[in-house]
A.B. asks: 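Quick one: the structure is below, questions incoming.
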Protein chains: 2
Amino acid sequence: MKTDQRLVAAAASLLDTGGESAVTIRAVAQAVGMSHNAPYKHFENRSALLRAVAFQDFAALTNAFAEVRQLRVRPLEKLKQALTVFVSYAQEYPARYRLLYSDPSIAAQGGDLEAAMKPFAEVAAIVQECQNAGDLPDVPNVELTGLIYASVHGLIDLQMGGRMRQEKGLTDASKGVELLIKLLQPLRDSGG
Amino acid sequence: MKTDQRLVAAAASLLDTGGESAVTIRAVAQAVGMSHNAPYKHFENRSALLRAVAFQDFAALTNAFAEVRQLRVRPLEKLKQALTVFVSYAQEYPARYRLLYSDPSIAAQGGDLEAAMKPFAEVAAIVQECQNAGDLPDVPNVELTGLIYASVHGLIDLQMGGRMRQEKGLTDASKGVELLIKLLQPLRDSGG
DNA sequence: ACCTGAACACCGTTCAAGT
DNA sequence: ACCTGAACACCGTTCAAGT
């Protein structure tokens with residue numbers, strides 16, 4: 001494994017075990033057995049290292065969504081599974097999720113954020129299938145996908161931050177996702 | 001103005017001008033003219049100071065929502081205005097918004113997060129009015145409000161992070177909010 | 001190319017005193 | 001009660017060298 005990759009792996013591991021603040025350049029260096037400033041030969045700064053972790057995971061998410069898209073199930077079922085992947089990823093790796101979807105370090109820099117768009121594009125393709133099947137409303141695909149994507153992110157983010165355990169309400173994000181999909185159905189048979 | 005309040009005000013000001021990382025205990029102390037460690041006589045640590053800023057703004061948001069609720073307009077119009085308040089606040093004070101709705105410092109500690117629930121409760125009341133008027137679907141109020149709240153947060157958060165400027169799509173969060181409300185209408189007259 | 005030790009300018013936080 | 005200076009253990013980052 002190349003040094004770059006070892007650094008990224010170490011950073012990801014520290015992220016998982018100790019959260020973002022645990023990912024110090026010094027700790028990463030120690031984890032791979034270098035002196036405290038050696039990482040600067042591989043990454044411009046701490047931000048760049050974190051971005052490398054994020055891009056690796058954007059790619060992994062993209063693959064996961066692409067796999068879901070190829071399943072032989074109803075479009076709406078694909079969408080549900082894709083969103084479940086999203087929620088599960090966030091629950092299993094909360095710090096990574098925050099890095100990818102809430103951290104200012106990853107914010108729009110230049111062309112870099114293309115990687116961040118790929119998972120979105122996969123979900124958009126699934127949403128389009130749902131729209132073609134009449135399972136989601138006939139509005140511009142990008143807008144609808146943006147809304148769904150944002151809603152799921154919001155549910156995850158608020159849940160992780162403990163800002164939404166209002167009474168019994170939405171204890172977990174998956175319940176919110178279910179409701180979202182249900183309410184977006186263009187035609188609903190009444191109740192139950 | 002009491003010293004506590006001056007510290008909170010200075011912290012808020014630094015937050016607005018330089019972002020979260022600019023709110024160092026030392027900078028806050030300097031801003032109010034104390035020595036670098038004097039703030040510790042007023043707040044247990046940096047996190048507690050940030051929480052004080054957040055609670056102040058949770059209260060302000062609660063008031064703003066409460067005012068909207070008392071307007072003499074259609075329920076759905078109230079909801080639109082309330083969500084506009086939300087989006088505008090986030091756009092005008094992005095760092096504060098992140099502190100209130102995305103920062104782990106504010107995450108569920110103990111009873112403190114009651115303050116964070118008050119804006120939610122105001123929105124829930126408006127949503128209930130909409131439901132009573134038949135302008136929003138007849139599902140449990142807390143769940144529906146949670147979904148709307150989370151969706152708006154997600155739109156704001158993804159927009160701020162530059163993670164959603166997919167082509168023309170959702171350039172700004174307000175467009176997403178519009179679409180959300182439109183799609184949540186239980187009865188829609190076709191198109192246009 | 002890749003690694004190292006020393007150093008700088010910051011942090012949050014604590015402590016022993018001062019008024 | 002409220003404030004202070006000195007100090008500790010961290011950071012990110014830079015630099016002059018070493019192999």
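Chain A is the first sequence line, chain B the second, and so forth, proteins listed ahead of strands; every chain is numbered from 1. Here the structure is a predicted model, which means the values were calculated and not measured.
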A.B. asks: Between A:R96 and A:D57, is a salt bridge (Lys or Arg N to Asp or Glu O under 4.0 Å) present by the stated rule, with each step listed?
C.D. replies: CA-CA 8 Å; A:R96 291 201 209 189; A:D57 272 34; 3.2 Å; yes
A.B. asks: Rounded to whole angstroms, how far apart are OH on A:Y40 and C1' on C:dA1?
C.D. replies: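 Roughly 20 Å, once rounded to whole Å.
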A.B. asks: How long is the line joining CD1 of B:I25 and C1' of D:dT4, in whole Å?
C.D. replies: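 Going from B:I25 (CD1) to D:dT4 (C1'), I get 16 Å.
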A.B. asks: Write down the partner of D:dT13 under the Watson-Crick or G-U wobble criteria, each distance required to be under 3.5 Å.
C.D. replies: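 Pair assignment: D:dT13 / C:dA7.
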A.B. asks: Provide the distance between the two C1' atoms, one in C:dC10 and one in D:dA9, to the nearest whole Å.
C.D. replies: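 Rounded to whole Å, the distance is 13 Å.
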A.B. asks: B:R26 CZ to C:dA9 P: how many Å, rounded?
C.D. replies: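 Atom CZ in B:R26 sits about 14 Å away from atom P in C:dA9.
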A.B. asks: Given the rule in the side-chain hydrogen bond (donor to acceptor under 3.5 Å, both in side chains) test, do B:N141 and B:Q131 qualify, once you have shown the distances and angles that lead to the verdict?
C.D. replies: CA-CA 8 Å; B:N141 173 257; B:Q131 292 181 287; 3.0 Å; yes
A.B. asks: Could you tell me the separation between the CG atom of A:L7 and the P atom of C:dC2, rounded to a whole number of Å?
C.D. replies: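 Computing the A:L7:CG to C:dC2:P distance gives 11 Å.
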A.B. asks: When you look at A:F58 and A:F120, which way does the ring pair (Phe, Tyr, Trp, His ring centres under 6.0 Å) test go after all the steps?
C.D. replies: CA-CA 10 Å; A:F58 276 132; A:F120 182 91; over 10 Å; no
A.B. asks: Calculate the interatomic distance between B:R46 atom CZ and C:dC10 atom P; express it in whole Å.
C.D. replies: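 My rounded result for the distance is 17 Å.
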A.B. asks: How many Å lie between CZ on B:R6 and P on D:dC3, as a whole number?
C.D. replies: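 Rounding to the nearest Å, CZ of B:R6 and P of D:dC3 are 8 Å apart.
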A.B. asks: So, applying side chain to side chain donor-acceptor pair (under 3.5 Å) with A:E129, which one of A:R69, A:R74, A:K78 is it?
C.D. replies: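 Per the side chain to side chain donor-acceptor pair (under 3.5 Å) rule, the option paired with A:E129 is A:K78, out of A:R69, A:R74, A:K78.
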A.B. asks: Which residue is it: B:F86, B:Y89, B:Y93? I am looking for the one with a ring-ring contact (aromatic ring centres under 6.0 Å, His included) to B:Y101.
C.D. replies: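 Exactly one candidate clears the test, B:F86.
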A.B. asks: Hey, which sits more toward the 5' end of DNA chain D by its nearest nucleotide, A:K41 or A:A27?
C.D. replies: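 Per heavy-atom nearest nucleotide, the more 5' residue is A:A27.
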A.B. asks: So which nucleotide does C:dT19 pair with, by the Watson-Crick or G-U wobble rule with both distances under 3.5 Å?
C.D. replies: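 Base partner found: D:dA1.
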A.B. asks: Rounding to the closest angstrom, what is the interatomic distance between C:dA17 and D:dC2 at atom P?
C.D. replies: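 Per the computed distance, 22 Å lies between those P atoms.
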A.B. asks: Measure the distance from CG on B:L14 to P on C:dC11 and round it to the nearest whole Å.
C.D. replies: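 Between P of C:dC11 and CG of B:L14: 11 Å.
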A.B. asks: Could you please name the option among C:dC11, D:dG12, D:dT14 that lies closest to any side-chain atom of A:H36?
C.D. replies: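 Of the options given, the side chain of A:H36 lies nearest D:dT14.
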A.B. asks: Separation of A:N45 atom CG from D:dC11 atom C1', in whole Å?
C.D. replies: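 Taking CG of A:N45 and C1' of D:dC11, I get 14 Å after rounding.
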